[in-house]
Amino acid sequence: MNVDDLITHILTRLDELTPLTPIHWTRTEILVFVNDALTELNLIAWEFQNSASLAVDTTESIFDTPATIFAAISIIDQGRYLRREPLADLDHEDDWDLPWHTSSKCKEWCPVGLNLILIHPRSTISKTLTVEGLIEHTPVTDTAMALPVLPEMEPAIEDFAIERAKFKEGGQVLNQAGAMYQAFLDSVQILGGKNVIKMYPSYSYGLVNDESLRDIIEDNQK
Amino acid sequence: MTINIIDFLTRVAFDLNETDNNFPTGAWTRAEMVEYLNYSEKDFLKRTGILKVNVLETLPAGSTILCTRPTSIMDIDRIGFNGKHCRRQTSNNFEMEDRDWRQKTTGRPTYWHEDHLPNTQLELNKIPAAGGIIRYIGDYLYAPYVSPFENIHLKDSWEPYLRWKVLSLALIKDGDNKDIGRSQYAQQRYLLGVRLARRLVTGTADLKIQR
């Protein structure tokens, strides 16, 4: 599906009678929500991935994550995947920072935040490793460009954007739209083969801190 | 693509039923929103640990056990001295082991603590007689935004979650536009983003939202 068609679909489902010149929302607003949906889809399902080179030298163990990658997932040295370890484990197991802890073959890596990568043991030769990781999608525009996901993901994007658009209405409208965000999370997790979010955000309106008062809505009608 | 604060505020404004990023209803101001953004960014970096800094500093021979934390570090994760990991302890542990530890401080630092010290300082258990290199790894802290014409520091993928946090703060403000329900919902969506970021940092597959 093209992005402009998707935005038109979304606005139609939001009951805008003239989706090309909507009244309650703008097409630009909906476009932001479509890009938000692609971002969240990527963070859950790791949809957009690429690889990049990482030059390592003999003097340091910590390197910047390649600029095109925003979160490293795996690292390859001469065809072999390095084992991922948390920094605390490396500290417990080995003095990775000692200058004589070196090898021609790197064996382990650890993310230091998302912007740094630690390679262990320190390489005895300058060489290039391959980093596989998440990349950010190029923001889509309100044109005839194709949505950069598989067709089965399109309804999920649509659900996300509709629920997101209804946030500004609040109240019962947002409460009812909550199911759409859950549908987005379900679709993305099932289609992406991930099961990472087990407790969904929920919207409660009225006095939410007291369970006994949960039925009292904003205009004080039962 | 980098998002600038003006575009960010436009997005926030529409969610708050404002017509543009000058917040013409007067319920909020641009300056206020920039402050909310500063708050949100610090909170996001603190909670997720996505941005780390690796600082090497030379410790002169025979210097004091008291060290000043590098200014760019928000919270220290790890300290190493001459390639060896220094474990974090409490000063009480030092006292329990040897009440006179401060009088016997020359040697190789192996522990550090930051009890009863200002946040900018930490103490090693030994003064390195020959000096050495100390490696700090910790969370990075950006200088706060002062103008709406700057770019958002974080990668685009985290911008929607900063927006959720800013919305959460804006909607909890006292006044006619206060909306606790929407504010709490925005906070939950923000925390979902925090969890997704933590998952990338730690590799933990299981996510639960803190309420």
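Heavy-atom basis, side chains included; hydrogens, waters and symmetry copies ignored. First the proteins, then the strands, lettered A, B, ... as listed; each starts at 1.
- Side-chain contact between B:Q188 and A:M199 is absent, with no heavy atoms from C-beta onward closer than 4.5 Å.
- For A:L174, the part lying under 4.5 angstrom from a heavy atom of chain B is the side chain only.
- In this structure a side-chain-to-backbone donor-acceptor pair under 3.5 Å is missing from B:Q184 to A:Y203.
- The environment of B:E97 atom CD is sparse: at most 12 non-hydrogen atoms of other residues, nucleotides or ligands sit within 6.0 angstrom.
- Contacts of A:L43 with chain B are made by both backbone and side-chain atoms, with heavy-atom separations under 4.5 Å.
- With a threshold of 4.5 angstrom between heavy atoms, A:W46 approaches chain B through side-chain atoms but not through N, CA, C or O.
- For a residue to count as touching a neighbouring chain, one of its non-hydrogen atoms must lie under 4.5 Å from one of that chain's; by this rule A:E60 touches chain B with the side chain only.
- Atom CG of residue B:D179 and atom NZ of residue A:K168 lie 14.5 Å apart, to the nearest 0.5 angstrom.
- Options B:S157, B:A197, B:A186, B:G193 differ in how many heavy-atom pairs under 4.5 Å they form with chain A, and the most are formed by B:S157.
- Taking the ring axis of A:W96 as reference, the NZ or CZ atom of B:R135 does not stay both within 45° of it and closer than 6.0 Å to the ring centre.
- Around the CG atom of B:N119, the shell of radius 6.0 Å holds no more than 12 heavy atoms that belong to other residues, nucleotides or ligands.
- When each of B:D139, B:D77, B:L51, B:L167 is scored by its heavy-atom pairs under 4.5 Å with chain A, the top score falls to B:L51.
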Worksheet entry | Evaluation steps, salt bridge (charged side-chain N to carboxylate O under 4.0 Å, His left out), between A:E163 and B:R189 | CA-CA 12 Å; A:E163 194 265 357; B:R189 293 288 293 266; 3.0 Å; yes
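- Considering CG of A:L90 and CZ of B:R78, their distance stands at 9.0 Å, rounded to 0.5 Å.
- With rounding to the nearest 0.5 Å, the separation of CG in A:N42 from CG in B:L196 is 10.5 Å.
- With a 4.5 angstrom heavy-atom cutoff, B:Y140 does not touch chain A via any of its atoms.
- Each of A:D91, A:T39, A:T26 has some count of heavy-atom pairs under 4.5 Å with chain B, and the biggest count is that of A:D91.
- Scanning all heavy atoms of the two residues, the minimum distance from A:L98 to B:N82 falls at CD2-O, 3.6 Å.
- The nearest pair of heavy atoms linking A:D97 to B:G83 is CB-O, 3.3 Å.
- At a threshold of 4.5 Å between non-hydrogen side-chain atoms, the residues A:T28 and B:F14 do not count as touching.
- Figure legend: cation-pi geometry between B:R182 and A:F167, with NZ or CZ positioned under 6.0 Å from the six-membered ring centre and within 45° of its axis.
- Within 6.0 Å of the CZ atom in B:F94, the count of heavy atoms belonging to other residues, nucleotides or ligands exceeds 12.
- Interface remark: of the candidates A:L38, A:V112, A:I62, A:I62 forms the most heavy-atom pairs closer than 4.5 Å to chain B.
- Few gaps surround NZ on B:K173; more than 12 heavy atoms of other groups in view lie less than 6.0 Å from it.
- At least one side-chain heavy atom of B:I137 sits under 4.5 Å from a side-chain heavy atom of A:L87.
- Panel note: side chain A:E136, backbone B:D156; a donor-acceptor pair is recorded below 3.5 Å.
- Side-chain atoms of A:E40 and B:P160, non-hydrogen and from C-beta on, never get closer than 4.5 Å to each other.
- At distances below 3.5 Å, at least one donor-acceptor pair connects side-chain atoms of B:R199 with backbone N or O atoms of A:I44.
- Salt-bridge formation is detected for the pair B:R163/A:D36: a Lys NZ or Arg NE/NH1/NH2 atom is positioned less than 4.0 Å from an Asp or Glu carboxylate oxygen.
- Salt bridge annotation for B:K84-A:D95: present, with a cationic side-chain nitrogen under 4.0 angstrom from a carboxylate oxygen.
- Residues B:D15 and A:R164 approach most closely at OD2-NH2, 2.6 Å, considering heavy atoms.
- In this structure, chain B has a heavy atom under 4.5 Å from the side chain of A:F33, while its backbone stays farther away.
- Of the two parts of A:I73, neither the backbone nor the side chain holds a non-hydrogen atom closer than 4.5 Å to a non-hydrogen atom of chain B.
- Contact check for B:L154 versus A:F70: no side-chain heavy atoms found under the 4.5 Å cut-off.
- For A:V32, the part lying near chain B is the side chain, with the backbone staying farther off; criterion is any non-hydrogen pair under 4.5 Å.
- Counting heavy-atom pairs under 4.5 Å between each of A:L114, A:L134, A:N35 and chain B puts A:L114 at the top.
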